[in-house]
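Worksheet: the structure to be examined is printed underneath.
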Amino acid sequence: MKINHDIQLSDGKLKHFLNINNLPKSIIEDIINRAEEFHDNSKITKYTGKVVASLFFEPSTRTKTTFELATKKISSDFINIDIANSSTSKGESIIDMIKTIEAMKCNMFVVRHSVPGTAHFIAESVSSDIAVINAGDGSNEHPTQAMLDMFTIKKHKGSFEDLKISIVGDILHSRVAKSLIFALNTLGAKQINIVGPKKLIPDNYTEMNVKYFEDMSEGISYSDVIIMLRLQKERMHDALISLDTYYDEYGLNQSRMQLAKKDVIVMHPGPINRGVEIESSVADGPNSVILNQVSYGISVRMAIMSILFDNHHAS
Ligand code: ASP
């Protein structure tokens, strides 16, 4: 599917939230600032009467639940379309389904799909008063995850300019990694390392303004932030790596933690696989902010939804 990055902005304003690629720094900062207000409970605007429909064609726990909580916290209604039992299983196309839900007066769609570009395609098809949020499109992007990751880093580290950030694991199939790299570059992180076996690194990594390390110890040394990724086995056509050696070579354990800075924060978008990419004592240890990320996800998703509602209201 061809991805049209331009569709999310109209007159310079965010009308949909589809990708971090091409998103101006000012909008990323606005989202972080608004999320901060929501997180402090200092200013929560109500969007009573707005209806958000979630369309998750792929499984999700964190993203879907935090979207639901975020919707309720801004006083809007959340409807959960049961995809497995929906008419798409009777052959109805996604667009016919969207048009049907639109007729029920929905204001926003939150979409997760295994095919890259699905949320963009829906955004191009809905009427102009409806906002679409990409909650993950295949191996392309996961922009709301990147925003909550930026919020987490800002909260724990203050700013981005002096940070060395290492992203470890299956970069090739990870939508989280792609959105993260775009966001970190836009916010001016000092150094972004990607670490993993060559087979799990995209061919075009040289265009991403990152440093590649095949060796984990080198890749995470003196890091301020380590972001661990899950092996996206659902997107691997062949067994690209052996699980027996993966943990030995790329698992984040206590001894490897000594290589990073003492105050390093450890992040993971979840779901975590203990003993596959991360040792339990690290995931649960004092440097881990993995559960904080989940909590921040609520405020960040509230911020994104409220900005979209405001922008649609103003136009
Ligand atoms: N939850 C994240 C995603 O949906 C990361 C993962 O599944 O590994 O992409």
Side-chain angles (χ1 to χ4, degrees), residues 3 17-21 54-70 80 83-84 109-120 132-153 165-184 194-197 199-202 225-237 240-241 243 246-247 250-252 266-280 282-283 288-298 300-301 304:
I3 300 177
F17 192 66
L18 305 173
N19 37 262
I20 302 288
N21 189 8
S54 92
L55 291 165
F56 277 66
F57 293 84
E58 273 191 342
S60 169
T61 308
R62 275 151 284 268
T63 306
K64 192 169 168 184
T65 313
T66 53
F67 261 114
E68 180 162 1
L69 279 169
N80 199 351
I83 298 292
F109 289 109
V110 179
V111 183
R112 169 171 291 189
H113 201 285
S114 59
V115 177
T118 303
H120 304 71
V132 178
I133 298 182
N134 179 7
D137 61 327
S139 57
N140 180 44
E141 280 220 38
H142 192 348
T144 64
Q145 175 72 44
M147 287 311 312
L148 76 89
D149 291 338
M150 295 308 104
F151 187 82
T152 305
I153 294 172
I165 296 164
S166 304
I167 310 172
V168 183
D170 182 3
I171 313 286
L172 178 64
H173 301 100
S174 171
R175 51 192 173 211
V176 172
K178 280 155 209 136
S179 291
L180 263 171
I181 292 168
F182 289 130
L184 289 170
I194 54 170
V195 184
K199 281 184 178 163
L200 298 181
I201 301 297
V225 179
I226 301 176
I227 304 174
M228 299 303 295
L229 300 173
R230 182 178 67 88
L231 292 170
Q232 313 274 311
K233 285 193 229 109
E234 69 276 26
R235 294 185 202 125
M236 294 183 194
H237 300 301
L240 287 177
I241 45 124
L243 276 191
Y246 186 78
Y247 186 65
Y250 295 102
L252 185 61
V266 175
M267 297 170 55
H268 192 307
I272 59 172
N273 285 308
R274 293 169 188 262
V276 176
E277 71 265 359
I278 191 162
E279 187 172 271
S280 268
V282 175
S288 168
V289 295
I290 296 172
L291 292 177
N292 303 60
Q293 288 175 266
V294 178
S295 311
Y296 300 150
I298 303 169
V300 168
R301 292 184 168 114
I304 294 166

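Counting starts at 1 for both ligands and their atoms, in listed order.
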Please identify each residue that fulfils side chain to side chain donor-acceptor pair (under 3.5 Å) with Tyr250, with sequence neighbours left out.
none
Could you tell me whether ligand 1 has any atom less than 4.0 Å away from a heavy atom of Ser174?
no
Taking only heavy atoms of Val176 into account, list the atoms of ligand 1 that are under 4.0 Å away from them.
2 (C), 5 (C), 9 (O)
Gln293 side chain vs His268 backbone, donor-acceptor pair below 3.5 Å
yes
Which option out of Gly270, Ala135, Gly169, Ser179 puts a heavy atom nearest to atom 1 (N) of ligand 1?
Gly270
Audit row: Asn19, Lys178, side chain to side chain donor-acceptor pair (under 3.5 Å) steps and yes/no:
CA-CA 10 Å; Asn19 37 262; Lys178 280 155 209 136; over 6 Å; no
Note: Ile20 and Glu141 closest approach over all heavy atoms is N-OE1, 2.8 Å
Looking at residues at least two apart in the chain, or sitting in another chain, which of them share a side chain to side chain donor-acceptor pair (under 3.5 Å) with Gln232?
Arg230, Arg235
Going by the atom numbers of ligand 1, which of them fall below 4.0 Å from some non-hydrogen atom of Arg230?
6 (C), 7 (O), 8 (O)
Ligand-residue contact atoms, ligand 1 with Gln232, heavy atoms, under 4.0 Å
6 (C), 8 (O)
Per-atom contacts of ligand 1 with Arg112, taking only distances under 4.0 Å to non-hydrogen atoms:
4 (O)
For Ile165 and Ile153, which heavy atoms make the closest approach, and how far apart are they?
CD1-CD1, 4.3 Å
Do me a favour and list the nearest non-hydrogen protein atom to atom 9 (O) of ligand 1 with residue, atom name and distance?
Arg175 NE, 2.8 Å
Element-labelled atoms of ligand 1 that are located less than 4.0 Å from some non-hydrogen atom of Pro271:
6 (C), 7 (O)
